Amino acid sequence: MDLTPEHAPYATHDVTNQPPFLAPYDASEDVALLEGLRREGAGWAERDIRRLGTLAGGAEAQEWAELANRHEPELRTHDRYGHRIDEADFHPSWHELMRVAVTEGLAGAPWADDREGAHVARSAGGLVWGHTDAGHGCPTSMTYAAVPALRAQPDLAKVYEPLLTSREYDPGLRVPTEKRGLLAGMGMTEKQGGSDVRTNTTTATPTDEPGVYVLRGHKWFTSAPMCDVFLVLAQAPGGLSCFLVPRILPDGTRNTFRIQRLKEKLGNRSNASCEPEFDNTVAWLVGPEGRGVKTIIEMVNCTRLDCVMMSSALMRKTLVEAGHHARYRSAFGARLLDQPLMRNVLADLALESEAATTLTLRLAGAADRAVRGDAGEAAFRRIATAVGKYWVTKRGPAFTAEALECLGGNGYVEESGMPRHYREAPLLSIWEGSGNVNALDVLRALGKEPQVAEALFGELAIARGADARLDAAVTRLKDTLPKATQTGARRLVEQMAITLQASLLVRHAPAAVADAFCATRLGGDWGHAFGTLPDSADLGGILDRALPAGH
């Protein structure tokens, strides 16, 4: 009997009809992203975005992401001698991801960059670097968002802003002013209130030193404990106020920041979220007493944009994975990518992905111009960011589930990476205000800031006359606004989001994309699941744009 290796008893099959590894690939090979980058004033960053995209899709960075999630952070409350240290230890792969993110300007760097489009370039970078791991995007996002909030206290901003905007990743707890770069976290929610932060029970007691307080209380969800400084809400004598809490005090001693436990989360496992206890914890007042929510709202506006960005990145990443599988996998006598029904599914996902990416970059452009003093863009940003946060993050879980299903059973296996993306998707709708909170925020803005409705309809008017279905949707929206109620808030915000996305695609996307989006999302020629585009949809035109040969 011939027992050579090719005939050995254990050699029962050859591996066929499986796709090759996706990596290395170029995560920036996304026409909608690059067009939006140029359109929103950051074309100068394209070379860097393409370089970052190649790195993000490389085998090494993809492995960093996998390892950072496999080896989750571990809490060390004490050192070997019994001293309280309250530190979270991370796998080296986490630090590699963080190093790249900070170096590439995805943390606070845009605030120190005077170039037009600096904030757009950061969002575009997040869209491509988001093809790696979502968890480390949390501390970079909060660091970015902390800067405008900290500017409410110029003396503190003078000290900390140059370090928060640094492009040097300098991990480890040390005196903040002795480091090359800092990361910032936030601590707002508590057990009894969650998003209702005005019910916070953490107290802030003034000391004899002006602007310095001591805190006592317990936060319910604070990310991320490895950061150097935190923006925290607490009840001062004058009401709910914002405070800066460093982990290490100027004299080198540890501030009281007792980590009770790390949260066991559904997703976002590479990142540490914790419950810290404050007890005589030293803090510096940021902004006036009693204006804590107003002070920190700038931070929330920034992190909400990042939720939209990360949802869009997850959509694009999972679409690329699904398209890659379909390109190489055959069933029933043909490649999946050539089969009409699979093409319908992928094209429908591609429409949703492009709409999310285009809206993300438009919001980033508004943020960039608002920072530079454009009042109209500031008003648009105010309403559109809340609208986008509600809708794009809501679409994420359904999208990633459908993309996972394109891989069949292979997509349900952890090593495919798709389950990790699926677990990540719901987080972005929950953090920085859940769906209801954002929908109610839209109503609040419409009721108290009439200029935001004017800005929204001004944006929609740019596409007037280009598509009858879009014109009809804008008319319906105008008729609905005066009758808006809390009960119908979600329906209203959904209508606003889809109409805004459609207007952007009508203006900027090819006819195949804009027509299919308007026909389905506005015209009602659609089912209730992805893959139900009408027969009239130009599937080839949509897929050729969304899935270039490299994917």
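Remember, predicted model here, so these are calculated numbers, not experimental data. Position 1 is the first residue of the sequence; numbering continues from there.
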Below 4.5 Å, heavy atoms only, C-beta onward: do [X] and [Y] meet side chain to side chain?
X    : Y    : result
S273 : F221 : yes
E60  : E96  : no
V387 : L456 : no
W391 : Q501 : yes
S311 : L428 : yes
W220 : K263 : yes
T499 : M496 : no
P225 : L262 : yes

Under the ring-ring contact (aromatic ring centres under 6.0 Å, His included) test, residues paired with [X] that sit two or more places apart:
X    : value
Y390 : none
H91  : H71
W94  : F90
W111 : H119, Y144

Return the minimal non-hydrogen interatomic distance between [X] and [Y], and the atom names on each side.
X    : Y    : result
A145 : C302 : CB-CB, 3.6 Å
R167 : G105 : NH1-N, 3.4 Å
F230 : C227 : CE1-O, 3.6 Å
A61  : A56  : CB-O, 3.9 Å
L363 : T385 : CD2-N, 3.7 Å
P139 : T143 : O-OG1, 2.7 Å

Report yes or no: does [X] contribute a side-chain atom to a donor-acceptor pair with the main-chain N or O of [Y] at less than 3.5 Å?
X    : Y    : answer
N438 : G433 : yes
T358 : A355 : no
K389 : L305 : no
S503 : L500 : yes
T318 : M315 : yes
R335 : R327 : yes
D368 : G117 : yes
K219 : V232 : no
R76  : A88  : no
R99  : Y169 : no

Next item on the list: Could you check R382 against D441 for salt bridge (Lys or Arg N to Asp or Glu O under 4.0 Å), going step by step and ending with a plain yes or no?
Entry: CA-CA 10 Å; R382 170 70 181 92; D441 189 39; 3.0 Å; yes

Under 3.5 Å, is there a donor on one side chain and an acceptor on the other for [X] and [Y]?
X    : Y    : answer
N436 : R490 : yes
H95  : W64  : no
T360 : S312 : yes
H131 : Y25  : yes

For a quick test of your reading: what N or O donor-acceptor pairs under 3.5 Å do the side chains of residues 540-548 make, sequence neighbours left out?
| residue | atom | partner | partner atom | Å |
| --- | --- | --- | --- | --- |
| R545 | NE | E354 | OE1 | 3.0 |
| R545 | NE | E354 | OE2 | 3.1 |
| R545 | NH1 | E35 | OE2 | 3.4 |
| R545 | NH2 | E35 | OE1 | 2.8 |
| R545 | NH2 | E354 | OE2 | 2.9 |

Cut-off 3.5 Å, no hydrogens considered: what does the side-chain donor-acceptor table look like for residues 394-403, sequence neighbours left out?
| residue | atom | partner | partner atom | Å |
| --- | --- | --- | --- | --- |
| R395 | NE | E352 | OE2 | 3.0 |
| T400 | OG1 | G396 | O | 3.1 |
| T400 | OG1 | P397 | O | 3.1 |

Check: Checking R369 against F380: charged group under 6.0 Å from the ring centre and within 45 degrees of the axis?
Finding: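 So R369 doesn't make the cation-pi contact.
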
[X] [atom1]: over 12 foreign heavy atoms closer than 6.0 Å:
X    : atom1 : value
R491 : CZ    : no
E414 : CD    : yes
E405 : CD    : no

Next item on the list: Any chance you could lay out the salt bridge (Lys or Arg N to Asp or Glu O under 4.0 Å) test for E298 and R381, step after step, and finish with the verdict?
Entry: CA-CA 11 Å; E298 273 301 309; R381 175 200 184 200; 3.6 Å; yes

Tell me every residue that passes salt bridge (charged side-chain N to carboxylate O under 4.0 Å, His left out) with [X], counting only those two or more places apart in sequence or in another chain.
X    : value
E415 : none
R269 : E72, E264
D538 : none

Check: Taking only residues two or more places apart in sequence, or in another chain, which ones meet L427 in a side chain to side chain contact (heavy atoms under 4.5 Å, CB included)?
Finding: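 Result, side chain to side chain contact (heavy atoms under 4.5 Å, CB included) vs L427: N268, E424, W431.
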
Checklist line | Contacts of type side chain to side chain contact (heavy atoms under 4.5 Å, CB included), residue E168, not counting sequence neighbours | finding: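 Testing E168 for side chain to side chain contact (heavy atoms under 4.5 Å, CB included), a comparison that skips the adjacent residues, returns S166, R180.
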
Next item on the list: Mind running side chain to side chain contact (heavy atoms under 4.5 Å, CB included) on L183 and M98 for me, showing each step along the way?
Entry: CA-CA 10 Å; L183 296 174; M98 286 294 301; 3.6 Å; yes

Check: With respect to L150, which candidate in T295, L164, V229 satisfies the side chain to side chain contact (heavy atoms under 4.5 Å, CB included) definition?
Finding: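 Exactly one pass, corresponding to L164.
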
Item checked: N-O pairing of E275 and R261 below 4.0 Å ->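 Yes, this pair counts.
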
Item checked: Stepwise salt bridge (Lys or Arg N to Asp or Glu O under 4.0 Å) test for D348 and R521 -> CA-CA 11 Å; D348 210 352; R521 275 66 168 176; 2.8 Å; yes

Next item on the list: Could you check E87 against R247 for salt bridge (Lys or Arg N to Asp or Glu O under 4.0 Å), going step by step and ending with a plain yes or no?
Entry: CA-CA 10 Å; E87 293 189 10; R247 288 294 313 268; over 6 Å; no

Notebook entry, point to check: Any salt bridge (charged side-chain N to carboxylate O under 4.0 Å, His left out) pairs touching residues 131-150, not counting sequence neighbours?
Noted result: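 As it turns out, there is no salt bridge (charged side-chain N to carboxylate O under 4.0 Å, His left out) pair with a partner in residues 131-150 once direct neighbours are skipped.
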
